[in-house]
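Since the model is a prediction, treat every value here as computed from it, not as a measurement.
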Amino acid sequence: MTPEIAIIERNTLATLGLRTILEELIPQAIIRTFASFEQLIDDTPDMYAHYFVAISIYFEHTAFFIDRKPKTIVLSAGEPQIPIGVPVLNTCLPQEKLIKAFIDMRSRGHEITHHPVKPSAYESANTLSAREIEVLVLVTKGLINKEIADKLNISLTTVISHRKNITEKLGIKSVSGLAIYAVMNGYIDADSI
């Protein structure tokens with residue numbers, strides 16, 4: 001089942017940035033954006049697995065989001081009036097801390113069931129080989145193809161082939177997206193990125 005995510009945020013730039021991060025973190029997700037609560041209501045508001053909602057919109061429509069508390073994540077710019085018991089994502093964190101916050105939230109299982117995320121059938125069918133995992137780890141450490149080839153004693157062509165396979169299997173093209181995947185799956189420690 002493909003997760004559907006709603007981003008309810010008036011700030012277009014913040015919405016685009018969040019959407020990009022979510023697309024890297026959960027490539028199979030369908031992400032819809034709404035500039036207002038009214039646009040969400042005009043859609044099918046109860047179909048979403050997660051609601052990423054601006055704090056101001058959350059407070060304007062608390063009753064709606066309280067009923068969907070297990071699925072709601074409030075986007076905050078560090079405001080002190082944080083809702084109690086609702087996951088909050090501080091959007092003003094530096095990039096590496098923001099990505100770690102996403103990883104932590106996902107690894108704790110902020111899902112409808114509040115259980116850790118289980119791989120989908122697609123992810124299970126496309127697991128990486130041991131060598132691909134080695135290449136993935138070295139890519140996330142910032143090594144270039146030639147350095148990876150030298151370190152693993154394989155040809156440059158083989159490294160390129162492994163990287164292509166990793167990208168095809170995971171659907172993740174960026175190094176930051178691969179780093180998120182590697183941390184989420186325990187291949188590297190979050191503090192090492």
Notebook entry, point to check: For the side chain of Thr167 and the backbone of Arg163, is there at least one donor-acceptor N/O pair under 3.5 Å apart?
Noted result: yes
Check: Do Glu132 side-chain atoms and Leu128 backbone N/O form a donor-acceptor pair below 3.5 Å?
Finding: no
Next item on the list: First locate atom CD1 of Ile31, then atom CG of Leu18, and finally report the distance between them rounded to the nearest 0.5 Å.
Entry: 7.5 Å
Checklist line | Contact summary for Leu170 and Pro27, nearest pair of heavy atoms | finding: O-CG, 3.6 Å
Next item on the list: Report yes or no: do Leu16 and Phe34 belong to one cluster of Ile/Leu/Val/Met/Phe/Trp/Tyr joined by side chain heavy-atom distances under 4.5 Å?
Entry: no
Note to self: Taking the side chain as everything from C-beta on, heavy atoms only, tell me whether Ser36 gets closer than 4.5 Å to Arg10.
What the structure shows: no
Next item on the list: Can you measure from OG (Ser56) to CD (Glu9) and round to the nearest 0.5 angstrom?
Entry: 7.0 Å
Item checked: Which atom of Ala77 lies closest to which atom of Asn90, heavy atoms considered -> C-OD1, 3.9 Å
Note to self: Less than 4.5 Å apart, side chain to side chain, heavy atoms only: is that true for Arg68 and Asp46?
What the structure shows: yes
Next item on the list: Determine whether Thr158 and Arg131 make a side-chain contact, defined as any pair of heavy atoms from C-beta on separated by less than 4.5 Å.
Entry: no
Notebook entry, point to check: Is there a donor-acceptor pair closer than 3.5 Å between any side-chain N or O of Tyr51 and the backbone N or O of Pro45?
Noted result: yes
Item checked: Pairwise distance OG1(Thr72) to NZ(Lys69) - rounded to 0.5 angstrom -> 9.5 Å
Next item on the list: Could you work out the complete set of other residues in the hydrophobic cluster of Ile160, with links drawn between I, L, V, M, F, W and Y side chains under 4.5 Å apart?
Entry: Leu156
Item checked: Residue pair Ile154 / His162, side-chain heavy-atom distance below 4.5 Å -> yes
Item checked: Side chain proximity check, Val159 to Leu152, heavy atoms < 4.5 angstrom -> no
Next item on the list: To the nearest 0.5 angstrom, please state how far the CD1 atom of Ile5 sits from the CD1 atom of Ile26.
Entry: 4.0 Å
Note to self: Could you check whether any side-chain heavy atom of Asp43 comes within less than 4.5 Å of a side-chain heavy atom of Tyr48, counting everything from C-beta outward?
What the structure shows: yes
Note to self: Looking at every heavy atom in both Tyr58 and Ile66, which two are closest together, and how far apart are they?
What the structure shows: OH-CD1, 3.5 Å
Margin query: Return the CZ to OG1 distance between Phe64 and Thr62, rounded to the nearest 0.5 Å.
Written below: 12.0 Å
Margin query: When you group the ILVMFWY residues by side-chain heavy-atom contacts below 4.5 Å and let the links chain together, are Leu136 and Ile144 in the same group?
Written below: no
Next item on the list: Look only at the side chain of Glu168 and the backbone of Asn165, and say whether a donor-acceptor pair between them is shorter than 3.5 Å.
Entry: no
Check: Do Leu40 and Ile57 touch side chain to side chain, with heavy atoms closer than 4.5 Å?
Finding: no
Notebook entry, point to check: When rounded to the nearest 0.5 angstrom, what is the spacing between CE in Met47 and CD1 in Ile30?
Noted result: 7.0 Å
Notebook entry, point to check: Do the side chain of Ser76 and the main chain of Leu89 share a donor and acceptor less than 3.5 angstrom apart?
Noted result: no
